[in-house]
Amino acid sequence: MLRQWWFLRTAGAFSRAHSGCSTSSGVKPKREIPADGLQLSDFIRESTRKQRQKAIIPSIEDTREYLNPEDLNGNGRSVCYVTYGCQMNVSDMEIVRSIMTKNGFVETEKREKADIVLLMTCSIRDGAEKKVWNQLKLIKGNSVNRRQIVGVLGCMAERVRHGLLEKRNLVHLVAGPDSYRDLPRLVAVATGGSNAINVQLSLEETYADVQPIRVNADTKTAFISIMRGCDNMCTYCVVPFTRGRERSRPIESIVEEVRILRDQGYKQITLLGQNVNSYRDMSSTEFAPSTSALPGFKTVYKPKTGGLTFTSLLEKVSDAAPEVRFRFTSPHPKDFPMQLIELISSRKNLCKQLHLPAQSGDDETLERMGRGYTRDLYLRLVDDIRHIIPDVSLTSDFIAGFCGETEEAHQNTLSLIRAVRYSFCFVFPYSMRGKTRAHHRLTDDVPEEVKQRRHLDLTTVFREEALKLNESLIGTEQIVLIEGKSKRDESCSVGRIDGGEKTVFDNSELQLEPGQYAKVIITEATSQTLRAKLIGKANV
Ligand code: SAH
Ligand code: SF4
Ligand code: F3S
């Protein structure tokens with residue numbers, strides 16, 4: 001029955017308007033998609049064309065006339081959710097959970113038996129994709145459900161596209177980051193025996209109206225996605241191709257979600273996006289004073305004007321939930337106006353922790369990466385931040401062995417890490433990604449073993465500096481937001497101080513719960529963890 005309806009749909013005029021969203025049971029898509037996928041310009045062209053054609057493109061509602069409505073209902077079928085990649089993926093999976101649950105699907109942890117397994121995937125490095133391929137083989141090998149549907153969602157779905165379906169026995173459904181509302185239909189199509197794929201990127205989708213079903217609710221910490229996509233086009237990075245153009249959620253929908261979480265007792269909210277501080281709510285009729293970045297920082301796109309900025313958003317969420325701690329990730333160094341730094345300094349519930357991804361400490365490498373700043377500008381930003389927020393904790397991302405990186409360039413990165421003293425750094429060996437500007441114009445010329453050695457150097461130096469920083473906290477009083485019990489010792493609780501450092505302390509006396517604040521004195525430090533003595537209960 002389903003298949004019959006589906007043939008009708010793909011054979012009709014609808015398929016002409018829907019090349020990014022096709023099924024492939026012998027029906028050739030109208031437009032040829034190159035084996036290595038489309039370029040960003042294709043998505044934009046395609047998306048703009050579709051915006052214009054909006055009136056004639058059927059929405060998900062419209063497809064119901066082609067599918068039996070019952071086929072879109074999960075009717076209690078079980079779904080196992082598996083998440084890889086960044087925090088955005090964790091947050092996206094919460095949106096997927098919500099969409100699936102609303103449509104009658106039920107979550108299960110039993111992967112082998114599940115009717116449907118959905119993998120939220122990452123493409124940032126080759127290794128991230130290899131992990132997913134291995135997992136797909138494992139899922140197939142261990143499954144005891146012959147009719148099990150396996151879906152690949154997220155960045156790898158968007159990048160590899162039809163390449164995933166070629167392994168017909170491993171993957172039956174492919175859904176890119178902007179097509180999660182379409183999942184019930186895609187599952188129905190896959191259930192009918194056809195491959196189901198929707199990798200259409202959108203200029204508008206933010207899932208603002210979807211109330212996520214949160215994981216880790218017991219830690220009383222939550223993510224809120226405030227924007228999607230990225231316009232920065234750093235030359236090494238695949239994200240603009242997998243997540244499309246940058247767009248921001250309306251401010252009111254974010255503040256409303258903050259209120260809901262506040263009322264549910266959440267005590268830490270992390271605002272998420274690929275470039276959170278370029279957030280702009282263009283839908284608002286409110287006018288915010290314009291804020292400009294430090295002079296010298298550049299963007300690859302025309303500077304955005306109008307709308308409400310990230311500074312306004314932070315101000316509003318901070319007002320809406322004074323008992324909740326706010327963090328955000330990832331900001332870009334180019335979007336740090338003074339007003340933003342001053343706001344963070346002046347509000348108790350805006351954590352004094354900033355992620356300032358540097359990527360490199362070498363000017364020529366930064367230029368090739370297209371980051372829009374020099375080492376000197378970056379260090380000036382750090383100085384300004386430390387001047388206004390003296391006790392700020394800084395964290396960063398670095399890439400080891402980018403195209404053309406010399407030993408001297410690597411030394412410059414090591415010296416930047418020493419100069420800044422980060423409390424944590426994520427360090428990655430460079431992995432060339434198809435479609436990026438580096439792929440087109442640069443050569444991946446640093447041998448693998450050199451990348452590995454530089455990776456180790458960067459990790460060693462950031463740890464040495466983090467240890468010194470953490471040791472300097474010994475004897476200070478801090479407020480920890482408790483997230484749960486220590487895995488090693490049940491009588492101990494674990495949480496984070498305002499600066500984000502993980503802190504463990506004996507809580508057997510007061511038995512404070514996750515979501516409560518504890519006043520502690522730091523007693524010991526390693527490069528990654530602090531130990532503390534509990535003094536009493538506290539407020540934010
Ligand atoms: N938008 C965020 C996160 C991007 S992905 C930001 O700009 O900070 C997270 C990190 O992965 C990047 O900061 C970068 O350090 C790393 N990364 C991105 N592409 C990479 C690649 N091709 N190889 C190795 N690391 C990469
Ligand atoms: Fe990638 Fe750069 Fe965008 Fe971050 S800011 S997602 S590194 S392109
Ligand atoms: Fe990976 Fe996509 Fe996040 S590539 S890092 S899952 S935005």
Side-chain angles (χ1 to χ4, degrees), residues 36-37 39-41 86 122-130 155 159 230-243 274-275 296-301 330-335 355-382 395-420 422 425-463 465:
D36 64 341
Q39 300 297 315
L40 181 66
S41 52
C86 64
C122 175
S123 280
I124 202 84
R125 286 167 289 277
D126 188 47
E129 290 196 359
K130 284 213 173 94
C155 290
R159 203 191 75 79
C230 182
D231 285 350
N232 284 325
M233 301 294 264
C234 302
T235 58
Y236 50 82
C237 185
V238 78
V239 172
F241 301 91
T242 61
R243 288 190 168 255
Q274 292 303 341
N275 185 175
F297 285 86
K298 285 191 229 128
T299 59
V300 294
Y301 51 81
S330 285
H332 191 292
K334 72 177 164 48
D335 294 309
H355 188 58
L356 273 191
Q359 312 298 355
S360 167
D362 175 70
D363 282 347
E364 283 173 17
T365 312
L366 285 168
E367 176 74 34
R368 279 197 305 283
M369 288 176 161
R371 289 292 288 177
Y373 51 84
T374 57
R375 173 195 176 94
D376 187 50
L377 270 173
Y378 181 91
L379 285 172
R380 264 200 271 161
L381 174 65
V382 169
T395 56
S396 188
D397 291 353
F398 287 96
I399 296 178
F402 182 56
C403 308
E405 187 188 72
T406 59
E407 205 49 42
E408 191 190 343
H410 171 59
Q411 292 301 325
N412 285 339
T413 304
L414 290 175
S415 80
L416 181 93
I417 295 178
R418 286 206 181 89
V420 176
Y422 298 98
C425 292
F426 296 91
V427 182
F428 311 100
Y430 175 61
S431 165
M432 176 70 94
R433 309 310 285 138
K435 296 191 193 149
T436 57
R437 271 201 289 153
H439 185 248
H440 290 303
R441 297 191 197 157
L442 302 172
T443 312
D444 186 10
D445 54 0
V446 178
E448 202 47 46
E449 64 277 11
V450 176
K451 283 183 190 168
Q452 293 305 333
R453 197 254 305 151
R454 290 183 187 168
H455 178 265
L456 186 63
D457 288 351
L458 296 174
T459 309
T460 308
V461 170
F462 106 66
R463 288 239 165 97
E465 296 304 321

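None of these values were measured; they are calculated from a predicted model.
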Minimum heavy-atom distance Pro240-Cys230, with the two atoms named
CB-O, 3.6 Å
Contact list for residues 397-414, test salt bridge (charged side-chain N to carboxylate O under 4.0 Å, His left out), sequence neighbours left out
Glu405-Arg454, Glu407-Arg453, Glu407-Arg454
Using the test side-chain contact (heavy atoms from CB on, under 4.5 Å), find all partners of Thr459 that sit at least two apart in sequence or belong to another chain.
Val427, His455, Phe462, Arg463
4.5 Å side-chain heavy-atom contact, Leu379 and Val420
yes
If you define the side chain from C-beta out and look only at heavy atoms, does anything of Thr443 sit under 4.5 Å from Cys403?
no
What's the verdict on side-chain contact (heavy atoms from CB on, under 4.5 Å) for Phe297 and Arg371, showing C-alpha distance, side-chain angles and the deciding distance?
CA-CA 9 Å; Phe297 285 86; Arg371 289 292 288 177; over 6 Å; no
With rounding to the nearest 0.5 Å, note down the distance linking CD1 in Ile399 to CZ in Phe426.
13.5 Å
Audit row: Lys451, Asp444, side-chain contact (heavy atoms from CB on, under 4.5 Å) steps and yes/no
CA-CA 11 Å; Lys451 283 183 190 168; Asp444 186 10; 2.9 Å; yes
Heavy atoms, side chains only, cut-off 4.5 Å: are Val461 and Arg418 in contact?
yes
Partners passing side chain to side chain donor-acceptor pair (under 3.5 Å) against Gln411 (at least two apart in sequence or in another chain)
none
N/O donor-acceptor pair under 3.5 Å between Tyr378 side chain and Leu356 backbone:
yes
Glu367 CD: over 12 foreign heavy atoms closer than 6.0 Å
no
Leu414 side, atom CG; Asp362 side, atom CG - distance, nearest 0.5 Å:
11.0 Å
Is there side-chain contact between Leu416 and Tyr422, with at least one heavy-atom pair below 4.5 Å?
yes
With sequence neighbours excluded, tell me which residues meet side-chain contact (heavy atoms from CB on, under 4.5 Å) with Asn275.
Asn232, Glu246, Asn277, Ser278, Tyr301, His332, Lys334, Asp335
Here the pair of heavy atoms bringing Thr413 nearest to Ser360 is OG1-OG, 3.5 Å
By side-chain contact (heavy atoms from CB on, under 4.5 Å), Thr395 pairs with (sequence neighbours left out) Gln353, His355, Ser423, Phe424
So do Cys234 and Gln359 actually touch side chain to side chain, heavy atoms under 4.5 Å?
no
Answer yes or no: is there a side-chain heavy-atom contact under 4.5 Å between Val238 and His439?
no
If you take all heavy atoms of Arg159 and Thr242, which pair is closest and at what distance?
CB-CG2, 4.1 Å
What residues form a ring pair (Phe, Tyr, Trp, His ring centres under 6.0 Å) with Phe428, not counting sequence neighbours?
none
For Asp126, give me all partners under side chain to side chain donor-acceptor pair (under 3.5 Å), at least two apart in sequence or on another chain.
Lys130
So, the side chain of Ser396 versus the backbone of Cys425: is there a donor-acceptor pair under 3.5 Å, distance only?
no
Decide yes or no for His410 and Val450: does some side-chain heavy atom of the first lie under 4.5 Å from some side-chain heavy atom of the second?
no
How many angstroms lie between CG in Asn412 and CG in Asp363, if you round to the nearest 0.5 Å?
8.0 Å
With rounding to the nearest 0.5 angstrom, report the NZ to NE2 distance, Lys435 to His440.
9.0 Å
According to side-chain contact (heavy atoms from CB on, under 4.5 Å), who are the partners of Ser415, at least two apart in sequence or on a separate chain?
Arg375
Going from CG on Leu458 to CD1 on Ile417, what distance comes out if it is rounded to the nearest 0.5 angstrom?
4.5 Å
Cys237 side chain near Arg433 side chain, heavy-atom distance below 4.5 Å:
no
Quick one: sort the Phe402 and Tyr236 rings into parallel, tilted or perpendicular, breaks at 30° and 60°.
perpendicular
Side chain to side chain donor-acceptor pair (under 3.5 Å) partners for Ser330, two or more places apart:
none
Restricting to salt bridge (Lys or Arg N to Asp or Glu O under 4.0 Å), what partner residues turn up for Arg368, sequence neighbours left out?
none
If we ignore hydrogens and angles and just use 3.5 Å, is the side chain of Asp445 paired with the main-chain N or O of Gly404 as donor and acceptor?
yes
Among residues at least two apart in sequence or on other chains, which ones pass side chain to side chain donor-acceptor pair (under 3.5 Å) with Ser123?
Glu129
Keeping Arg125 on the side-chain end and Pro429 on the backbone end, is there a donor-acceptor pair under 3.5 Å?
no
For the student: nearest non-hydrogen atoms of Pro333 and Pro357, plus distance
CG-O, 3.4 Å
Checking side-chain contact (heavy atoms from CB on, under 4.5 Å) for the pair Tyr373/Leu381: CA distance, chi angles, key distance, verdict?
CA-CA 10 Å; Tyr373 51 84; Leu381 174 65; over 6 Å; no
